[in-house]
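If you're wondering where the values come from, they're calculated on a predicted model, not measured in any experiment.
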Amino acid sequence: MRLNAELIAADFRLSLRAIVITLICILLLVGLSLTTWITALVALCVGLMQWGMHWGLCVVIVLVLHGLAIWLVKQIMGSSVQAIEMKTSCDAILPKRTNNRSKQDV
């Protein structure tokens with residue numbers, strides 16, 4: 001029995017380590033993506049200003065592009081959440097609650 005407990009504890013520690021490493025990698029990728037996105041938007045704005053466009057219009061174009069990117073990510077996330085249905089799994093794992101009060105009143 002002790003061997004099983006040690007195996008479960010070792011597996012739990014390994015799982016925690018994997019979760020921490022995954023979270024660190026995700027945070028690093030998000031930081032890199034944000035840096036790349038900001039650099040691309042700044043380069044676009046500088047390029048448009050070099051062509052003689054007013055800086056206010058450059059800012060509007062950059063904000064519109066940023067808004068479109070946010071909308072696109074929101075659409076993808078909405079589709080992903082709908083595709084990952086967890087209700088069936090939750091119903092199978094969690095016990096169903098019955099309303100005992102209504103049965104006692106009758």
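- In this structure, I8 CD1 and D11 CG are separated by 8.5 Å, a value rounded to the nearest 0.5 Å.
- The residue from T22, I21, L28 that alone fulfils the side-chain contact (heavy atoms from CB on, under 4.5 Å) condition with I24 is L28.
- In the hydrophobic cluster analysis, where Ile, Leu, Val, Met, Phe, Trp and Tyr join through side-chain heavy atoms closer than 4.5 angstrom, V30 is grouped apart from M77.
- Atoms CD1 and CG, on I70 and L65 in that order, are 11.5 Å from each other to the nearest 0.5 Å.
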Enumerate, atom names and distances included, each donor-acceptor pair closer than 3.5 Å involving a side-chain atom of residues 37-55, sequence neighbours excluded.
unit_1: W37; atom_1: NE1; unit_2: H66; atom_2: ND1; d: 2.8
unit_1: T39; atom_1: OG1; unit_2: T35; atom_2: O; d: 2.7
unit_1: H54; atom_1: ND1; unit_2: G56; atom_2: N; d: 2.9

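- Residues L72 and L68 are not in side-chain contact: their nearest non-hydrogen atoms beyond the backbone lie 4.5 Å or more apart.
- Residue pairs that meet the side-chain hydrogen bond (donor to acceptor under 3.5 Å, both in side chains) test with at least one member in residues 67-78, sequence neighbours left out, do not exist here.
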